[in-house]
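These numbers come from the heavy atoms of this one structure, side chains and all, not from hydrogens, waters or symmetry mates. Both counts, for ligands and for their atoms, begin at 1 and track the order of listing. This structure is a prediction, so every number in the text was calculated from the model and none was measured.
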Amino acid sequence: MAGFIMTLDSDDEGPARSPSPSPPPPSTRKASSKNDAATAAKGKKGKAAKGAKAKGKGKKLLDTVVDADDDEDTPVDSPRGGAADEEVRMDKGFVFDGLGGGFIGRERNSVWDSGEAYIQKRPNAMPRLSVDEIIARRAAIKSAEALFEESDSNEGGSDEELDYEELEKEMMRDLENGDLDFEGLDDESDDAEDDEDEDDDEEESDVEEKEDAPAKKAAARKDAGPQIVGGGDEADEEDWLGLEEKKSDAGSDAEEKDGEDAELNGSSGFAALADVDMSDAEDDEDDNSASDEDASPADRQSRADAAAAKAFFTSHENSTTLSRKPLSFTTLPNCTLSRQLLLALGSLNLSTPTPIQAECIPLAMLGKDIVASSATGSGKTVAFWVGVLERLLHRDRKNPMTRVIVMCPTRELAVQVHGVGMALARYTDVSFCLCVGGLSLKVQEAELKQGPDVVVSTPGRLIDHVRNTPCFSMDGVEVLVLDEADRMLEEGFRDELEEIISAAPRSRQTLLFSATVTESIQQLTRLSMNKPVRVKIDEMGAAAKGLDQEFLRVRGDKAGESIELNSRSGERHREALLVSLCTRSFSSGRTIIFFRSKAQAHRMKILFSLFGKGLEKSDELHGDLTQEQRLRSLKRFRDGEARFLLATDLASRGLDIKGIENVINYEMPKSIEIYLHRVGRTARAGQKGRALTLVGESDRKLVKLAMKHAPPESIKQRTIPGVVVAVVSKQLRALEPDVRDVMQEEKEEKEIRRGNMDLQKAQNMLEHEDEIKSRPARTWFQSTSEKNAAKNLGKAEHNSKFQEKTKKRAFDEEDEPLSKAPKRTPFSGLSRREKRRKMAMREDEEDRASGAQREIGSSIRAAKKAALPGKIHAARPERTPGQGEGKKKKKGGKKSVFDREMGVADGGAASDKRPGKRERDMMKGGGGAKHSLGRMGPKPKKR
Ligand SMILES: Nc1ncnc2c1ncn2[C@@H]1O[C@H](COP(=O)(O)OP(=O)(O)OP(=O)(O)O)[C@@H](O)[C@H]1O
């Protein structure tokens with residue numbers, strides 16, 4: 001079945017299969033054949049370009065270039081990672097020199113570089129132009145045109161533009177005079193703003209504006225026409241987030257808080273079990289019998305879940321919370337880490353384990369299955385790598401095979417996790433391979449053939465290799481790690497995960513990590529884990545400690561009118577809000593902006609580039625880009641070349657980029673989990689960060705949830721004067737024709753690229769037909785439609801978690817009276833005998849009633865029937881013999897043997913009536929049995 005081509009990663013772009021003959025992969029550190037490896041092991045500095053003989057008729061050989069000299073210089077940058085380089089490979093006599101081979105203090109962002117070696121080079125492919133390139137090209141054309149055109153009519157501007165200019169000038173005058181501050185920030189800790197901290201100038205002036213110039217502000221608003229956003233009118237001055245309430249709540253008694261928690265929990269995106277930890281489970285069980293009848297269905301459900309969790313998990317108490325003494329990696333309880341790892345940790349400036357690391361490393365080294373959760377940015381990646389690598393140091397080296405698989409939901413995360421693993425394994429001989437969609441299959445295949453110890457992968461590409469890469473199998477897998485485990489367990493990944501689980505040995509160790517790890521035992525059982533240990537560090541739903549969460553209310557044109565996300569006007573308000581924020585309050589530091597859709601992220605990128613004023617320093621990151629573009633965007637962002645990263649949820653999980661100060665949610669995401677992951681891109685590893693979310697009227701529930709676990713002082717309510725947004729809105733509207741033109745150019749450019757690609761394919765086919773056709777056909781795990789269906793399912797689940805759960809809750813609540821503890825029946829409290837007697841009487845009564853009912857029914861039916869007019873038949877003409885037989889005659893024309901023999905007369909009343917059985921028997925002069933025998937037996941002789 002080579003009829004269709006598809007890629008398998010959930011976030012794959014398209015076929016990674018090159019139509020051109022296999023290009024030579026970039027240099028890798030290891031020799032491609034055993035001979036080469038042996039040569040390298042002997043430390044010879046030979047330069048070898050070896051061809052690995054591929055299986056399959058006519059398959060082109062892959063060249064894996066080995067340059068021993070280069071390898072020695074740059075072992076860590078090689079895609080194979082670890083220190084498989086023989087110069088660094090550990091042996092018994094190895095002694096650390098304390099300098100760590102020159103790797104100490106390496107730039108930590110270098111974990112990202114590992115993906116670059118895997119980028120598929122297509123030298124003949126037409127490069128895809130970025131938005132900035134298209135805009136630059138257009139600008140160049142425009143300026144060239146301007147040279148030839150004398151008319152500057154465009155400069156004159158329309159009435160509308162004149163209005164805008166005047167409005168802007170007016171606003172600027174106001175700003176200079178101090179009559180109008182740009183932005184208001186409602187902070188519940190207003191008093192704290194009074195101190196003259198220079199850093200907080202902006203916030204301070206916001207508050208001043210709020211206090212000192214309400215009249216001026218109102219005047220400015222009047223000038224600006226209709227108020228389109230929160231912060232501009234009276235309604236927005238009020239405490240719409242309920243911060244005052246929250247503040248007072250903070251001091252209220254625990255009982256009240258518990259009640260509120262329960263309420264919020266119910267509508268939470270988290271499973272019912274979310275706040276039930278193991279110790280609670282035991283207490284709950286004791287209470288069960290006493291209060292079961294009174295318990296609500298939700299309570300009973302959570303008890304059942306807790307009991308299931310208790311049976312499923314191995315009980316565990318966090319040792320760090322018990323001991324409370326500061327730990328170091330050298331004094332972890334019940335485990336001793338190897339020197340290689342300690343040195344690597346030290347070289348990364350990691351000396352004190354975070355709580356999740358202190359808990360998980362010893363457990364992982366014991367070979368336990370783990371389900372672990374802790375807040376975003378708390379070091380989960382190191383937590384699983386250290387345990388895994390320590391185990392690998394004691395592997396059987398004579399038998400090289402893939403022993404560890406780490407799975408990530410997105411390619412970018414896989415690149416990062418791969419990089420962290422390699423950095424930690426830099427002084428060991430553990431080898432790595434990165435297998436993600438969008439990157440070169442050929443390079444990956446060549447590496448997998450060498451049996452890397454660790455494979456970091458996205459699920460689709462892993463299955464592709466399991467099926468199609470000779471020599472690679474998961475039979476030797478000892479550890480399976482699922483990073484962002486709850487995402488991996490979602491419906492969209494279900495089939496892929498099942499395939500992977502079935503390919504891995506059952507005896508493996510399974511490690512699950514996420515900030516929002518699933519509590520659904522049902523989902524977890526799919527992984528066939530062995531009594532996993534549940535490690536929970538932070539309260540479920542808790543955001544990172546150093547995070548300030550701001551919310552900006554987005555309103556419709558009229559007060560109280562919510563903005564329809566899909567309506568153009570609604571979007572324009574948001575766009576103007578975002579641009580206003582990014583040009584002022586978020587103009588410094590790096591900011592990642594999340595969108596729900598790729599199209600919106602892309603449109604915003606065009607607007608940012610056209611708008612300028614610093615916004616052109618932005619990049620986009622979403623699934624409509626090539627993998628190369630995606631990695632380039634990330635690189636530019638992390639290197640500070642781009643200050644804004646406009647991303648979809650592709651970037652919401654796991655990405656660890658140093659120096660992200662701000663996160664903006666263009667819309668509130670659909671679930672609290674996604675929210676936590678998004679805002680978790682900042683305030684990582686104990687740093688401070690700020691997250692701002694544009695909140696529509698329908699998002700309030702989620703905002704409440706987000707506020708639930710946050711300390712009151714970290715929640716802020718932001719406002720922007722309407723006039724500011726009105727000005728920006730006009731500016732954006734003026735850019736609309738340019739946006740359309742850029743999009744049109746992109747479309748045309750895409751068509752040209754597609755044509756070019758088809759041409760190249762055809763050319764390749766002509767030149768290399770035999771070779772291409774002789775390649776063994778790849779087998780695919782899913783067809784394109786199945787893959788798309790899974791993708792859509794995943795997307796739907798991803799976006800609807802919250803809605804579904806709130807719906808479910810509403811449904812449960814509706815059901816509550818029905819499903820509550822058994823109702824009292826008329827027999828409650830009676831003795832068994834009495835109950836039976838009463839039941840029998842009742843049945844009799846019912847029978848009688850139903851009998852009477854039946855009788856009544858039938859008499860009604862009979863009466864109705866009688867009332868109906870009878871059928872009117874035409875009078876039959878009298879039949880005379882031989883007349884009017886028609887059909888009958890025809891039918892009866894052929895006489896039966898019986899008739900002939902018995903001499904039954906034709907026609908007449910007698911012949912009309914079929915003789916009965918008895919008569920027939922008598923006529924035949926035999927019994928029934930005989931008759932039947934007679935019919936079946938031989939024809940009776942004529943008498
Ligand atoms: N022991 C440690 N001491 C100091 N910093 C650490 C330690 N362990 C990890 N870090 C740093 O913390 C940052 C976040 O780590 P990591 O990406 O593993 O977080 P995470 O918990 O996986 O986050 P997320 O839930 O977003 O995936 C990294 O930059 C890492 O270098």
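A heavy-atom distance below 4.5 Å is found between the side chains of H677 and E484. For the pair E359 and P353, the minimum side-chain heavy-atom distance is 4.5 Å or more. Between S618 and I593, every side-chain heavy-atom pair lies at or beyond the 4.5 Å cut-off.
Between the side chain of R590 and the main chain of K658, a donor-acceptor pair closer than 3.5 Å is present.
Annotation: cation-pi geometry not satisfied between R339 and Y427 (NZ/CZ under 6.0 angstrom from ring centroid, within 45° of ring axis).
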* salt bridge (charged side-chain N to carboxylate O under 4.0 Å, His left out) between R653 and D486, worked out -> CA-CA 11 Å; R653 280 180 180 258; D486 53 331; 2.9 Å; yes

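By the 3.5 Å distance cut-off applied to N or O atoms, P353 is not counted among the residues near ligand 1. The distance criterion of under 3.5 Å between nitrogen or oxygen atoms is not met by S374 with respect to ligand 1. Checked against a 3.5 angstrom limit, the closest N/O atoms of G680 and ligand 1 fall outside it. Checking only distances, T376 never comes within under 3.5 Å of ligand 1, N or O to N or O.
Of the candidates R684, R653, R678, it is R684 that places a heavy atom closest to atom 24 (P) of ligand 1. If you check each of N349, L345, L350 against atom 10 (N) of ligand 1, the one with the closest non-hydrogen atom is L350. Considering K380, Q687, Q357 only, the shortest heavy-atom separation from atom 20 (P) of ligand 1 involves K380.
Each of the following atoms of ligand 1 lies closer than 4.0 Å to a heavy atom of T352: 1 (N), 2 (C), 3 (N). Interface of E484 with ligand 1, defined as ligand atoms under 4.0 Å from a residue heavy atom, comprises 27 (O). In summary, the atoms of ligand 1 found under 4.0 Å from a heavy atom of R681, numbered by their order in the structure, are 26 (O). Near T381, with a cut-off below 4.0 Å to any heavy atom, the atoms of ligand 1 are 16 (P), 17 (O), 18 (O), 22 (O). Those atoms of ligand 1 that come under 4.0 Å of a heavy atom in K658, given as number and element, are 29 (O). Every atom of ligand 1 is numbered from 1 in the order shown, and the set under 4.0 Å from a heavy atom of S378 is 19 (O), 20 (P), 21 (O). The atoms of ligand 1 that sit less than 4.0 Å from any heavy atom of A685 are 11 (C), 12 (O), 13 (C). Taking a cut-off of under 4.0 Å to the non-hydrogen atoms of T354, the atoms of ligand 1 that pass are 1 (N), 2 (C), 7 (C).
The residue H677 has no part lying near ligand 1, judged by heavy-atom distances below 4.0 Å. Under 4.0 Å from ligand 1, not a single heavy atom of V420 appears.
Relative ring orientation between W385 and F432 is described as perpendicular, the plane-to-plane angle rising above 60° on a 0-90° scale split at 30° and 60°.
When all heavy atoms of S378 and I356 are compared, the closest pair comes out as O-CG2, 3.4 Å.
Of the residues L392, V454, V404, D369, the one that meets the side-chain contact (heavy atoms from CB on, under 4.5 Å) test with V479 is V404.
Defined by atom type and a distance below 3.5 Å, a donor-acceptor pair is missing between the side-chain atoms of T376 and R681.
Here the CD atom belonging to E550 is positioned 8.0 Å from the OG atom belonging to S585, to the nearest 0.5 angstrom.
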